[in-house]
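Structure first, commentary second.
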Amino acid sequence: MIDSLFTWFDDRLGISGSGRKMLNKIFPDHWSFLIGEIALYSFIVLLATGVFLTLYFVPSSKIVIYNGSYAPLRGQPVSEAFASTVDLSFAVRGGLLMRQMHHWGANIFVGSIVVHMLRIFFTGAFRKPRELNWLVGSTLLILAIFNGFLGYSLPDDLVSGTGIRIAFSIVLSIPLIGSYMAFFLFGGNFPGDSIIPRFYVLHVLILPAVIAALIGAHLGMLVRQKHTQFPGRGHKPRNVVGAPMWPTFIAKTTGFLFLTTAVTGLLSALFQINPIWLYGQYVPYKVSYAVQPDWYMGWLDGALRIMPSWETVGFGHMIPNAFFPAILLPGITFGVLQMWPFIEAKLTKDYTEHQILERPRDRPKRTAFGAAVFSFYFVLFGASATDVLANYLSVSLNVVLMSFRYLAVGVPLIVFPVTYRICLELQGVPRAGKRKRANVVVRSAEGGYSTVRAEERPGDEVPEMDPLPLDEDVQYVPALAGVPPGGNGAQEELQPAPIAPSGDGRPRGGIFRIPREYR
Amino acid sequence: MPEDTDGGVGTGVPDEGSHRVTIPVTSVSVDAPQFKIAAKNPRRAEMLAGAAFLLGAAAFAGFGAAYWQNYSNFWLGTTLGLGFAGAGAGMVVWGKYLMPRGPFSEARHSLVSTEAQREVFIEDFASRGKVAIERRGFLVKALGLASGILGVVLAFPLIRSLGPLPKKSLYKTAWRSGSYLVDITGRKIKAGDLEIGGFVTVFPETDIGGAYSQTMLIRVDPPSASGYMTPPARFQPERDTWAPQGYIAFSKVCTHAGCPVGLYEELTKQMLCPCHQSLFIVSDAATPIFGPAPRPLPQLPLYIDHAGYFRAQDGYNEPVGPGFWERGND
């Protein structure tokens, strides 16, 4: 049956050649290569849950009197966006789960992109010929962050609405064109009626389409250039070693898709996220304590908080205070991030092609620099919690703020040399990161002590093998002489069948022995 | 093709006269250890994967039941999550331990074309391109003109029509000379309505709930001999009459990023903006002493009319809220 189905398609599309290449495509095996898959699969979870949400969410700022199943809000004037989100949470069966999975999925999506980007950075996978993929990937990070902001602002609740107010002020702070851009984006002065419907279109249609297209380009380049690999037995710049697409990788990656969905689902069941009914409808004259954005915008909020109150005024014009932490800093951040492959190539004067990854310890300067820069943004992220920290640690806000200002400069300055030294130390330690064999102290009958190297623990001895090529230009010869029709039923035992050696020395024999005939 | 086989299982040669087609079995070497499955104990691995699948199946069935009976999010989420966890764990165990352990390899051919191929590409592109463009400068310029005009014209529906020009709308609020100070319910505020240290959010009666008109009315002091709170020296005599009977009013829109400055501490006479923690000293014309806010909050000049209600002498004397390019030093 598989045969006739395949033939039907092959008659029309001619897919056996490219199909076989796809079946034999090799995926290098390292756990850190799975992080990008988490990003991809959480995007799929976002699409699926998002479609569900679009069936019930109403993207309108029109004020209605809430009359749904959540009693504390009954009789309150709320926007239709807010009311439909509350209804999704309480009146639509499974709606709260879909909302939670969508929000948790978004956090996992951005988080896995960041971790994946760090993996690419610290292993040098962005070097030629993969600079283009780095550009696409860093653009995906920016779009994912932005789409996340748009998404959690849609319910029009008090917390996210405050974030929109700050976003308006940030756009306003752009020199020359800021006031025009802010008014064009919002359809007028703040708040207006257009922002929720416009955010909705951007969040549901435009940005997901761009993100999906860029993911396609990202994966397409990956297929064309093939994945990088760490140094290892049989790993060469001119080969790729790992597991084949069929059946191994397909099984593992499908499992990983399910596991990503599982983690998202369990998080949504066990940990409440974004309970907007507790925040209430956004109105511009109300605000709450502990108003922080979602974590991936935390560094921006922290930068806004710890920035000194400088403002530039001259020649009849003003560069407002918010410009420096909220436009200039992200501009420099993403600019340097996107240009990094070219910056590093220039600094190292290395314009050659690289297909083998480096261990972070083998590039101590890059690793230390990356760690220091990441620690800077981590301090900024921590700085977005100044009020909460002052409250919980019973410390004055003054102390917390000044501390973060010093930390933002001091922590990276400490992280750089410490990371550098750690890299150098790891370089010098043999088999660092691998399990050590214990030395067992043994006492003899006479009373003397001696040490004996411990037995290898089960699972420690994974014999490494040379890779077996599955290329199309290796001659394959199908043969299974001596096997009874229908096979012998055994599935696991791959006993070699006795086969006469072929005359021309080409390899013979059978693997995936199919015990049955397919009709 | 091997000469001693003419059909049978795994040869890829269809048996003549029958519909039985066998699947060609690709093979490399029959002894290759890479084709052995990875598990040392395949039975155990299979039982593990099977158990995971069955757990997943049970959990999915549980999801169905939970949905049908409208159980809470907790049950819907845990059943769905455990279902996918079981299915996923089973697939991963199957793929990792019950499939050929590998490793396998494929060649990574150089993607770079040869010099000759590149030359041919550039030659094809340039030569035919040359035929098209050569001595057609007028056409190129005419096309450029059309595209340029389209580009400029598209800016109007795509950008300009999105919103009105700001013009002066960032400079003025809805406060006018004589506006009553009303709270969110529309009730006019009288002197004596607030205790000392009390505060209320007020609006002009024409713009209740307005994002830019929102104003904090604070009762700071008991009524003084002069009848007004003394402004700081640099604002005398301009603001001498702005704060009658110990009441003072400032714009609630933070000059940092626009959040409502909704917290007031009577002991220190400070307004705090909860977003980024800017502190404004009320007795010093709401000058910021902490946090990122760069400018004081604008003050609304008040008077008490003959009926005892608070009214504005005039609108704010500067734009409220965060700064923008055009405002200079207004």
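Owing to the predicted nature of the structure, the values given are computational and were not obtained by experimental measurement. Lettering of chains follows the sequences in order, A, B, ..., and the numbering in each one begins at 1.
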Note to self: Determine whether a donor-acceptor pair (N or O, by modelled atom type, separation under 3.5 Å) exists between the side chain of B/Q69 and the backbone of B/A66.
What the structure shows: no

Next item on the list: Check the pair B/E318, B/R327 against salt bridge (Lys or Arg N to Asp or Glu O under 4.0 Å), reporting the backbone distance first and the verdict last.
Entry: CA-CA 9 Å; B/E318 54 172 329; B/R327 70 169 276 174; 3.2 Å; yes

Notebook entry, point to check: Between B/S161 and B/F156, is there a donor-acceptor pair closer than 3.5 Å when you use the side chain of the first and the backbone of the second?
Noted result: yes

Check: At a heavy-atom separation under 4.5 Å, does A/F256 approach chain B through its side chain, its backbone, both, or neither?
Finding: backbone

Margin query: Is the positively charged end of A/K252 above the ring of A/F249, judged by distance under 6.0 angstrom from the centroid and angle within 45° of the axis?
Written below: no

Margin query: If I measure from the heavy atoms of chain B, does A/Q292 come under 4.5 Å with its side chain, its backbone, both, or neither?
Written below: neither

Checklist line | Whether over 12 other heavy atoms sit under 6.0 Å from B/K96 NZ | finding: no

Notebook entry, point to check: Of the backbone (N, CA, C, O) and the side chain (C-beta and beyond), which part of B/V261 lies under 4.5 Å from a heavy atom of chain A, both, or neither?
Noted result: neither

Check: Can you tell me how far OG1 of B/T201 sits from CD1 of B/I208, rounded to the nearest 0.5 angstrom?
Finding: 13.0 Å

Margin query: Ring centres under 6.0 Å, that's the criterion: do B/F280 and B/F290 meet it?
Written below: no

Margin query: Counting only non-hydrogen atoms closer than 4.5 Å, does A/T248 touch chain B with its backbone (N, CA, C, O), its side chain (CB onward), both, or neither?
Written below: both

Note to self: Under 4.5 Å from any heavy atom of chain A, what part of B/F324 do you find: side chain, backbone, both or neither?
What the structure shows: both

Check: Do B/C273 and B/C254 have their SG atoms less than 2.5 Å apart?
Finding: no

Margin query: For A/M101, which atoms come within 4.5 Å of any heavy atom of chain B: side chain, backbone, both, or neither?
Written below: side chain

Next item on the list: Give, as side chain, backbone, both or neither, the part of B/L76 having an atom under 4.5 angstrom from any heavy atom of chain A.
Entry: both

Next item on the list: Counting only heavy atoms closer than 4.5 Å, note whether B/S110 contacts chain A via side chain, backbone, both or neither.
Entry: both

Notebook entry, point to check: By a 4.5 Å heavy-atom criterion (distance strictly below it), what part of B/M99 contacts chain A: side chain, backbone, both, or neither?
Noted result: side chain

Notebook entry, point to check: By a 4.5 Å heavy-atom criterion (distance strictly below it), what part of B/I184 contacts chain A: side chain, backbone, both, or neither?
Noted result: side chain

Checklist line | Axial cation check for A/F184 ring with B/R160, 6.0 Å and 45° limits | finding: no

Next item on the list: Check whether A/Q355 gets within reach of chain B through its side chain, its backbone, both or neither, counting any heavy atom under 4.5 Å.
Entry: both

Checklist line | Under 4.5 Å from a heavy atom of chain B, the part of A/V283 involved | finding: neither

Margin query: At a 4.5 Å cut-off on heavy atoms, which part of B/V112 comes close to chain A: side chain, backbone, both, or neither?
Written below: side chain

Note to self: Given the ring of B/Y212, does A/R165 sit roughly above its face, with NZ or CZ under 6.0 Å from the centre of the six-membered ring and within 45° of the axis?
What the structure shows: yes

Note to self: For B/Y97, which atoms come within 4.5 Å of any heavy atom of chain A: side chain, backbone, both, or neither?
What the structure shows: neither

Notebook entry, point to check: Does the cation-pi check pass for A/R198 over A/F186, that is, NZ or CZ under 6.0 Å from the six-membered ring centre and within 45° of its axis?
Noted result: no

Item checked: Interchain contact, B/A293 with chain A, by part (heavy-atom threshold 4.5 Å) -> backbone

Check: Backbone N or O of A/P284 within a donor-acceptor pair of the B/Q214 side chain at under 3.5 Å?
Finding: yes

Margin query: Taking side chain as everything from C-beta outward and backbone as N, CA, C, O, which of these in A/K25 sits under 4.5 Å from a heavy atom of chain B? Side chain, backbone, both or neither.
Written below: both

Next item on the list: Flag the one option from B/P292, B/P274, B/G163, B/P288 with the top tally of heavy-atom pairs under 4.5 Å to chain A.
Entry: B/P292

Item checked: Closest-packed option against chain A by number of heavy-atom pairs under 4.5 Å, given B/G321, B/G81, B/G95, B/P166 -> B/P166

Check: Where does A/F315 contact chain B at under 4.5 Å (heavy atoms): side chain, backbone, both or neither?
Finding: neither

Check: Does A/D387 use its side chain to pair, donor to acceptor, with the backbone of A/Y289 at less than 3.5 Å?
Finding: no

Check: Given a strict heavy-atom distance threshold of 4.5 Å, which part of A/D29 is in contact with chain B: side chain, backbone, both, or neither?
Finding: neither

Checklist line | Region of A/S89 in contact with chain B, defined by heavy-atom distances below 4.5 Å | finding: neither

Note to self: Using heavy-atom distances under 4.5 Å, tell me whether A/P129 contacts chain B through its side chain, its backbone, both, or neither.
What the structure shows: neither

